[in-house]
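So that the names make sense, note that chain A is the first sequence line, chain B the second, and so on, each numbered from 1. Every value quoted in this text rests on a predicted model; they were computed, and no experiment measured them.
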Amino acid sequence: MIRSELSAVLRSDVIEGAKALLGATIVKGELRAMIVETEAYRSSDDAASHAFRGRTPRNQVMFGEPGRAYVYFNYGVHWMLNVTAHDEGEAAAVLIRAAVPLAGLETMRERRRGLPDRQLLSGPGKLTRGFDISQAENGLDLLSDGGPLSIEPSTAPLTFVSGPRVGIAVGKGHETPWRFMSEAHLEWVSRPIA
DNA sequence: AAAATGATGCTCT
DNA sequence: GAGCATCATTTTC
């Protein structure tokens with residue numbers, strides 16, 4: 001897959017976008033990692049989505065162009081990295097939940113002393129800590145070549161499994177199976193399938 | 001092995 | 001003032 005194809009998928013359907021991002025590579029300087037777990041969040045029809053209640057200062061980048069970084073702070077502790085989807089004005093985003101480190105392992109290990117490699121990026125908060133992603137990266141175009149933070153599309157589609165999204169209360173969209181994981185990398189994922 | 005808890009702060013009502 | 005798209009540590013079976 002090339003960048004323009006990934007861009008088109010994200011623009012048309014956030015669910016397909018979440019699947020297409022499996023196997024893609026996150027690049028930030030010398031750091032590289034392959035995405036193996038994602039979740040799709042839609043708009044007015046998805047009570048679990050930040051965009052459900054309309055545009056706010058926090059979620060405004062979800063309403064902008066697809067393929068941008070939507071980064072927000074959660075639980076007073078963690079930054080979360082999302083990739084925006086759907087056309088301008090129609091908000092949706094894919095939460096990046098876990099990745100397999102490919103390059104820059106030394107830096108990631110230093111940032112997370114004592115963790116085995118499999119758990120360096122096995123969770124949305126851990127991933128942003130390993131990559132040092134925070135407020136500064138919010139709104140960046142992830143599909144432009146050579147940007148400070150970018151995503152390289154996967155070369156071939158990965159076989160995946162799906163399940164309910166993590167941390168969603170009953171009645172708020174817990175029943176939709178919009179969490180996707182690479183079947184070959186379940187050991188690198190944030191938590192086992194339910 | 002699983003469940004409970006505390007850390008810690010921003011966003012929206 | 002309540003509620004979070006979490007994580008690591010501690011406590012309990």
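If you measure from atom CD of A:Gln135 to atom P of B:dC10, you get 10 Å, rounded to the nearest angstrom. Computed from coordinates, the A:Asn59 CG to B:dT11 P distance equals 11 Å when rounded to whole Å. Rounded to whole Å, atom C1' of B:dT11 lies 9 Å from atom NE2 of A:His50. Remark: C1' of C:dC7 and CG of A:Leu127 are 14 Å apart, rounded to the nearest angstrom. The nearest whole Å value for the distance from the CD1 atom in A:Ile96 to the P atom in C:dT6 is 14 Å. Regarding A:His78, its NE2 atom lies at a distance of 17 Å from the C1' atom of B:dT11, rounded to whole Å. Rounded to an integer number of Å, the gap from A:Gln119 CD to C:dT9 C1' is 14 Å. Distance A:Asn74 CG to B:dC10 P: 12 Å, rounded to the nearest Å.
Taking only side-chain atoms of A:Leu115, from C-beta outward, the nucleotide of B:dT13, C:dA8, C:dC7 with the closest atom is C:dA8.
Ring planes of A:Trp79 and A:Phe73: tilted class, angle from 30 to 60°.
In this structure, A:Arg112 reaches the sugar-phosphate backbone alone: every heavy-atom distance under 4.0 Å involves primed, P, OP1 or OP2 atoms, never a base. Among the atoms of the strands shown, only primed sugar atoms or phosphate atoms (P, OP1, OP2) are found under 4.0 Å from some heavy atom of A:Arg58. Among the atoms of the strands shown, only primed sugar atoms or phosphate atoms (P, OP1, OP2) are found under 4.0 Å from some heavy atom of A:Val166. When heavy atoms are screened at a 4.0 angstrom cut-off, A:Phe73 is found touching the sugar-phosphate backbone but no base atom.
At least one side-chain heavy atom of A:Arg68 sits under 4.5 Å from a side-chain heavy atom of A:Asp141.
Pair assignment for C:dG3 gives B:dC10, based on Watson-Crick or G-U wobble hydrogen-bonding distances that are each under 3.5 Å.
Judged by distance alone with a 3.5 Å cut-off, a donor-acceptor contact links the side chain of A:Tyr72 to the base of C:dA5.
For the pair A:Asp46 (side chain) and A:Phe52 (backbone), a donor-acceptor distance under 3.5 Å is absent. In terms of modelled atom types and a separation under 3.5 Å, the side chain of A:Glu5 and the main chain of A:Ile2 share a donor-acceptor contact.
A close approach under 4.0 Å does not occur between any side-chain nitrogen or oxygen of A:Lys172 and OP1 or OP2 of C:dA5. The side chain of A:Arg191 contributes no N or O atom lying less than 4.0 Å from OP1 or OP2 of C:dC7.
Remark: ring of A:Tyr41 overlaps the six-membered base ring of C:dA5 in a stacked fashion, centroids less than 5.5 Å apart, planes less than 30° apart.
Residue A:Leu115 holds its CG atom at 12.5 Å from CE of A:Met108, rounded to the nearest 0.5 Å.
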